[in-house]
Colleague: 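One structure coming up, written as structure tokens, with questions to follow.
Residue numbers start from 1 in every chain, and the chains themselves are labelled A, B, ... in the order their sequence lines are given, proteins ahead of strands.
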Amino acid sequence: DTEVTQTPKHLVMGMTNKKSLKCEQHMGHRAMYWYKQKAKKPPELMFVYSYEKLSINESVPSRFSPECPNSSLLNLHLHALQPEDSALYLCASSQDGSGAMNTEAFFGQGTRLTVV
Amino acid sequence: RKEVEQDPGPFNVPEGATVAFNCTYSNSASQSFFWYRQDCRKEPKLLMSVYSSGNEDGRFTAQLNRASQYISLLIRDSKLSDSATYLCVVNAHPPSSNTGKLIFGQGTTLQVKP
């Protein structure tokens, strides 16, 4: 099973709303990632969690707040977003975060977010 | 200079053609390398890992040249279903970190025509 599950698949939110994106994997992976992808662009890394600790924050604005409640779950809390934050948000996981050989990442289907 | 560079294409080829994609990376400390495929409005899916010895999976062959910091993907006997964006991905550690991060090239678009 190489499945990463993301919910919701689509989300429309206003600029004053608070919402959360959820990601789950049961592959025993210890590294989990959030990526943002705009149309016709590659995914851009936002956060990396390694062994449930935030390991990398790519200078993401504080209106995006990640959380890793346990080794299988990853959340992204959203608050006071801007229309330019509309994008596909992808979660991924890999065996570990070491970057060693064969640590390929598996992606969820993404949440398509629209901020109005 | 971008950390991972690819020719964005598009590559328009007839069915049955052989097509090659290239990718260069800037971080010599990069440890692992991958090709992903992404269909329109879908998530990236792992196509294959890339090893120094080269590896082949059916019609697909990937090569890594660490000295030149260069990665390639060869697709033989192209099918209509190969039409997609192919993303070169490199796993590298930022300074003072023991966690790697996957860095994506901008992707190369392939359109296979009948």
Colleague: Would you say the ring centers of B:Y25 and B:F33 fall short of 6.0 Å from each other?
Modeller: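 Under 6.0 Å, so yes.
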Colleague: Within the 3.5 Å criterion, strictly below it, is a donor on A:R30 or A:S94 matched to an acceptor on the partner's side chain?
Modeller: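 A:S94 and A:R30 do not have a side-chain donor-acceptor pair below 3.5 Å.
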Colleague: Would you please say whether a donor-acceptor pair under 3.5 Å links the side chains of B:T108 and B:Q6?
Modeller: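 B:Q6 and B:T108 do have a side-chain donor-acceptor pair below 3.5 Å.
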Colleague: Centre-to-centre under 6.0 Å for A:F47 and A:Y35, is that the case here?
Modeller: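 No, they do not, as the ring centres are separated by 6.0 Å or more.
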Colleague: Which of residues 7-16 of chain B have a heavy atom under 4.5 Å from any heavy atom of chain A?
Modeller: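 So no residue qualifies.
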Colleague: Decide, yes or no, whether a salt bridge links A:E58 with A:K36 under the criterion of side-chain N to carboxylate O below 4.0 Å.
Modeller: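 Result for this pair is no, no salt bridge flagged.
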Colleague: Give me the ring orientation class for B:F104 and B:Y36: parallel if the planes are under 30° apart, tilted from 30 to 60°, perpendicular past 60°.
Modeller: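 Tilted.
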Colleague: Under 4.5 Å from any heavy atom of chain A, what part of B:L87 do you find: side chain, backbone, both or neither?
Modeller: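 It is the side chain, since no backbone atom gets that close.
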Colleague: Less than 4.5 Å to any heavy atom of chain B: does that hold for the side chain of A:Q6, its backbone, both, or neither?
Modeller: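 When you check distances to chain B, no heavy atom of A:Q6 falls under 4.5 Å.
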Colleague: Has the side chain of A:Q25 got a donor or acceptor atom that lies under 3.5 Å from a matching backbone atom of A:M27?
Modeller: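 Yes; judged by distance alone, with no hydrogens or angles, the pair exists.
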